[in-house]
Amino acid sequence: MTAIILWIAVSVYGALSGWWITPIARTGDARAFMDAAIAMSSTHSRGNIALVLMRNGAVFGEHFAPSIDRVNRDTRFPLASASKWFTAYGVMHLVQTGAIDLDAPISAYLKRWQLPVGKFDNSKVTVRRLLSHTAGLTDGLGFADYTADETLPSVQESLRQPRASSGNATPIAVGREPGSEWQYSGGGYLILQAIVEDVTGMRFAEWMQHAVFGPLAMHRASYAYIGGLDNASASYDSTGKPTASFQYAAAAATGLSASASDLIAFVQAQLRAAGHSASVLRPASVDAMRQPHGRMFGADIWGLGVMLYAPTASGDHVFGHDGSNEPAINSAVRINPDNGDAIIVLVTGSPGLASSIGYEWTLWQTGVPDFLMLDRALSSAITPLIVGLLGIVAVYVLFLVRQRRTEY
């Protein structure tokens, strides 16, 4: 029994460490990885896809699949929850200028709305905790879409009564001790949107354009309704059937659209310390964003607005953000700070495809599966687990047989 328990533990640890998984390309072979990623997109894409592979901060390869529409480097795609990374970047700009203190209560900055009073101390809800999903908010949003002909509610109206993708009434409120644990909260980023507006005196979209997108030469980035923008990917469901494009009330959480060219510029901004691009943030601020704050099963998974996908050889983390939304929107942008490599994948019509390619890239870069694909990692342990258990049973049976022969 001890051997069985030990082997189960070893199998699970091996799965989470990537022992049982083979990357789709040899380590360091960028051409082989690009070819494999293009093959994945060709097999699984049901709509449009933009794929960019970067090496040491420079573009190595690009693939734009004209599955349905004409797609190029300037085609806008909806980013869904990857929008949060850009919001966090903008908030860190306000922190860097001294307009916001990461550890001050958010009530110091909110003028038009405040957290509902509950059994927990709202003064412990800080900007740092909103950015890292550790503020004790239990909404789990998930913001639902708005059709093109609907009027979007104000930020305050959404904070009071958000439209959740679940369809259920979902209050944005503190439901557990702030700072006690990590729990994803789209509502926290709607609050950050309100903070940016109250601190700057500008509408969120206007301030982001002025302070982030303009300086970084992200000329295609927009919070406007994507259905009314030029050179934008249309919306498709998982079968490739055309569907309507939607509006989003929570711009900071899920409303940004951007092109591959925008995201190349943004990735290079993260690597300014290596001399790749000008940046709104100083290197120390960029580094601070990927310091671990959120943990799951003992592993670091979240910084200040960025996902920490897997540890790198230096002890740092592959970082970035994925996004997904209905009907079939998926995005993934990931950076390895050890070598300046990165991947950008934008998809409409194929739920999960961008994250799947991003998963393969992270595994190829580090040898470790990312936390978003925990089910894939664990499933890789099934065969070695069964083989090992059969071996243990076989050894035990052999031992019993020999014992009986000795007795007789």
Side-chain angles (χ1 to χ4, degrees), residues 1-37 39-40 43-44 180-184 290 292-303 307-320 322 332 334 336-339 341 343 351-408:
M1 184 58 68
T2 299
I4 288 173
I5 294 173
L6 181 60
W7 181 245
I8 291 173
V10 168
S11 298
V12 172
Y13 178 80
L16 299 178
S17 301
W19 293 358
W20 322 122
I21 308 172
T22 302
I24 61 175
R26 294 188 309 275
T27 301
D29 191 340
R31 174 47 56 195
F33 180 87
M34 188 68 183
D35 290 344
M40 284 181 65
T43 300
H44 300 290
S180 62
E181 59 185 291
W182 178 89
Q183 181 171 343
Y184 192 82
R290 64 177 187 272
H293 286 76
R295 296 174 65 81
M296 179 187 293
F297 303 123
D300 296 322
I301 63 166
W302 228 276
M307 296 179 176
L308 306 178
Y309 295 97
T312 64
S314 71
D316 209 316
H317 292 85
V318 169
F319 71 103
D322 284 27
R334 306 182 180 195
N336 184 346
D338 283 12
N339 55 20
D341 289 2
I343 192 166
L353 178 57
S355 292
S356 292
I357 295 175
Y359 162 86
E360 295 292 354
W361 181 84
T362 301
L363 183 66
W364 175 66
Q365 285 278 316
T366 68
V368 180
D370 72 60
F371 77 93
L372 286 182
M373 298 291 183
L374 189 61
D375 56 338
R376 287 196 194 182
L378 292 176
S379 66
S380 73
I382 293 175
T383 298
L385 175 62
I386 293 173
V387 171
L389 292 177
L390 289 175
I392 292 170
V393 171
V395 170
Y396 182 63
V397 170
L398 181 60
F399 171 78
L400 291 179
V401 170
R402 288 186 176 181
Q403 280 289 97
R404 289 196 176 187
R405 286 180 179 176
T406 301
E407 290 175 358
Y408 289 106

When rounded to the nearest 0.5 angstrom, what distance separates CD1 in I21 from OG in S379? 7.0 Å
Please give me the minimum heavy-atom distance between M296 and I301, naming the atom from each residue. CB-CD1, 3.6 Å
NE2-CH2 distance between H317 and W302, expressed to the nearest 0.5 angstrom: 13.0 Å
Quick one: closest heavy-atom pair of A332 and A354, and the distance? CB-O, 3.6 Å
Testing the basics here: between L308 and P292, what is the closest heavy-atom pair and its distance to 0.1 Å? CD1-CA, 3.8 Å
Donor-acceptor list for residues 363-373 side chains, cut-off 3.5 Å, not counting sequence neighbours:
residue	atom	partner	partner atom	Å
W364	NE1	R26	O	2.7
Q365	OE1	N336	ND2	2.8
Q365	OE1	N339	ND2	3.2
Q365	NE2	D341	OD2	3.1
T366	OG1	T362	O	2.8
T366	OG1	V368	N	3.0
T366	OG1	V368	O	3.2
D370	OD1	L372	N	2.8
D370	OD1	M373	N	3.1
D370	OD2	R334	NH1	2.8

Taking only residues two or more places apart in sequence, or in another chain, which ones meet S314 in a side chain to side chain contact (heavy atoms under 4.5 Å, CB included)? T312, D316, D338
The side chain to side chain contact (heavy atoms under 4.5 Å, CB included) partners of R31 (sequence neighbours excluded) come to D29, M34, D35, F60
According to side-chain hydrogen bond (donor to acceptor under 3.5 Å, both in side chains), who are the partners of Q183, at least two apart in sequence or on a separate chain? R176
Could you give the distance from CZ (F33) to CD (E360), rounded to the nearest 0.5 Å? 7.0 Å
